[in-house]
S.K.: 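Here it is, the structure in full.
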Protein chains: 2
Amino acid sequence: MASPPSIATGNETYSPRQNAVLESALGLLVEGGERALTTAGVARAANCSKESLYKWFGDRDGLLAAMITFQSSKVKAAPAASGARGRAALAAQLAGIAVNLLKVLAGDVSLALNRLAIGQARRGEADLGLLLREHGRKPIETRLSALLEAGRRERLLDFADTREAYRTLYGLIVRDMHVRLLLGDSLDGEEPAKRAAQAIDEFFRLFGTEENTGPARERTGAGNERTG
Amino acid sequence: MASPPSIATGNETYSPRQNAVLESALGLLVEGGERALTTAGVARAANCSKESLYKWFGDRDGLLAAMITFQSSKVKAAPAASGARGRAALAAQLAGIAVNLLKVLAGDVSLALNRLAIGQARRGEADLGLLLREHGRKPIETRLSALLEAGRRERLLDFADTREAYRTLYGLIVRDMHVRLLLGDSLDGEEPAKRAAQAIDEFFRLFGTEENTGPARERTGAGNERTG
DNA sequence: AGTGCAGCGTACCGTACGGTACGGTTCCGG
DNA sequence: CCGGAACCGTACCGTACGGTACGCTGCACT
């Protein structure tokens, strides 16, 4: 509600030329961070004029917002939930989303964009952060929450508050990886698939129903086995 | 262009006058973000001259590094582990650290500093991020890990890899709160004590030994004597 | 062909910032 | 009382960046 009129709502789409420009800008951002993302630099990298940049995106902040919405629009590949039932199927679907989440969060572009939004966020005001949360986290939360509630309807999971359960699952999957990456740390040998499987397993141990937790007591149930 | 030898290792200490200046700089950063942290602005806010800033801290980056080490040196309040034994005592100690962690992470200065370091981190290079990880996370990890291993020695906990267990505990405590805060979100009604108690409870359900997991089954009690 | 529009490239402007230099003041040791 | 060191306040410099203006080219439409 507080968004000034110039802020993008994220629903807009851009011409192919503009997409190419945004792609160049993202590359520039990934490469050199925010301070490499000058209007002159973007114009040079994209072979366009600064005047066009300002015509298309208003000002520099508009360009940044457009970069976020553009990037998030590219990731919009949501496979429809399969109708499979049962604990194994649910675990597999959860693990799939978890792997996807981990890979997205660790991606160069995502990290650069998050750094950008975080870097310019202040006390109360955080225009880009809002955009990023809306476009980046909301979809994941929606998908995971839907899956969790489906699992609850099947009596495979037992939890009271969906949002709370989702957050715990998120914590188990991501832990401190995201912030560490944002701070410049490199994830040493963290295998996304392994991490995801372990997180899902732990989540089931916490929120699985008794009759379904039983057979999984021997921690190996979740398909993927830890090698260590 | 690589870091000049002036980069702080973190062990240095500053004169009272310099501490006051750093305090002013932190206030400025908290208030207006990185772009409010100009050398002229710091000098004005601290009633010192720019020349002194450059003499004391080398350049702007040196000032930023000094701010981080200074702030971390202030938080160095580590209560010695009490010798109490048993599951309840361990849980209480873990919860205490967890609450402390949550409060620190959500603090204005911590958030501002993390935003600063993240905002200027790039692909490989992340001078400030390294400093922040070294001074901010390492101590917490050390304390928590020591506690976890003590619990394992007492046969209260069962885990193979301490670092893995620590990370899972961290994920259960913090979840996505940190990144959300960094992005400008406000934690709605997340009560640190409540969150910490729940995380510790969940952690025990995952890694507590069988004989000790039993009594905790009634998940509401969980020994939060802190009435948070 | 003529006309208008979109866009490229470049030049330009104002400002803000990092960093340096300098004069004036306070304080301390001798 | 003297000399110097530390330091404040301010002025100054060069540069870089956001934003604007302008001239030119190519294309679409009639």
Side-chain angles (χ1 to χ4, degrees), chain A residues 4-8 12-26 28-29 31-68 70 115-117 119-120 122 125 127-128, chain B residues 1-8 12-25 28-29 31-68 115-117 119-120 122 127-128:
Chain A
S6 75
I7 201 69
E12 35 250 299
T13 176
Y14 301 100
S15 76
R17 179 79 184 102
Q18 292 167 7
N19 284 353
V21 170
L22 291 174
E23 195 69 54
S24 293
L26 283 176
L28 221 49
L29 177 68
E31 196 51 39
E34 169 169 18
R35 61 184 208 189
L37 200 72
T38 68
T39 55
V42 171
R44 197 179 322 115
N47 285 327
C48 76
S49 71
K50 284 173 67 174
E51 195 167 17
S52 300
L53 287 183
Y54 284 97
K55 172 184 291 187
W56 293 333
F57 307 109
D59 57 0
R60 186 173 183 271
D61 289 341
L63 174 64
L64 302 184
M67 289 167 65
I68 291 182
F70 168 67
R115 290 202 184 104
L116 178 67
Q120 69 93 244
R122 290 200 305 267
E125 171 193 9
D127 9 352
L128 289 188
Chain B
M1 209 43 112
S3 347
S6 73
I7 197 70
E12 35 249 299
T13 176
Y14 300 101
S15 78
R17 180 79 184 100
Q18 291 167 8
N19 284 353
V21 170
L22 292 174
E23 195 69 53
S24 294
L28 222 49
L29 177 67
E31 195 50 39
E34 169 169 17
R35 60 185 205 187
L37 199 71
T38 68
T39 56
V42 172
R44 197 179 323 116
N47 285 327
C48 77
S49 69
K50 286 172 68 175
E51 196 168 17
S52 299
L53 287 183
Y54 283 98
K55 172 186 288 186
W56 293 333
F57 307 109
D59 57 0
R60 187 173 184 271
D61 289 341
L63 174 65
L64 302 185
M67 289 167 64
I68 291 182
R115 290 202 184 104
L116 178 66
Q120 66 99 51
R122 291 201 305 266
D127 10 353
L128 289 189

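Protein chains get the first letters and strands the later ones, always in sequence-line order, with residue 1 at the start of each.
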S.K.: Which atom names give the shortest non-hydrogen contact between A:Ser49 and A:Ala43, and what distance separates them?
M.R.: C-CB, 4.1 Å

S.K.: Which two nucleotides bound the region of DNA chain C that has atoms under 4.0 Å from heavy atoms of chain A, read 5' to 3'?
M.R.: C:dG7 to C:dG9

S.K.: side-chain contact (heavy atoms from CB on, under 4.5 Å) for B:Ser52 and B:Arg17? Distances and angles first, verdict last.
M.R.: CA-CA 11 Å; B:Ser52 299; B:Arg17 180 79 184 100; over 6 Å; no

S.K.: Give, ordered by number, those residues of residues 48-56 of chain B having at least one heavy-atom distance below 4.0 Å to an atom of DNA chain D; if nothing qualifies, reply none.
M.R.: B:Cys48, B:Ser49, B:Glu51, B:Ser52, B:Trp56

S.K.: CG of A:Leu37 to CD of A:Glu31: how many Å apart, nearest 0.5 Å?
M.R.: 12.5 Å

S.K.: Taking it one step at a time, do A:Asn19 and A:Glu23 satisfy side-chain contact (heavy atoms from CB on, under 4.5 Å)?
M.R.: CA-CA 6 Å; A:Asn19 284 353; A:Glu23 195 69 54; over 6 Å; no

S.K.: With the threshold set at 4.0 Å, does a side-chain nitrogen-carboxylate oxygen contact exist between A:Arg115 and B:Glu34?
M.R.: no

S.K.: Which pair of non-hydrogen atoms, one from B:Thr39 and one from B:Tyr54, has the smallest distance, and what is that distance?
M.R.: CG2-OH, 3.2 Å

S.K.: Minimum heavy-atom separation for A:Ser24 and A:Ala45, please, with both atom names.
M.R.: OG-O, 3.9 Å

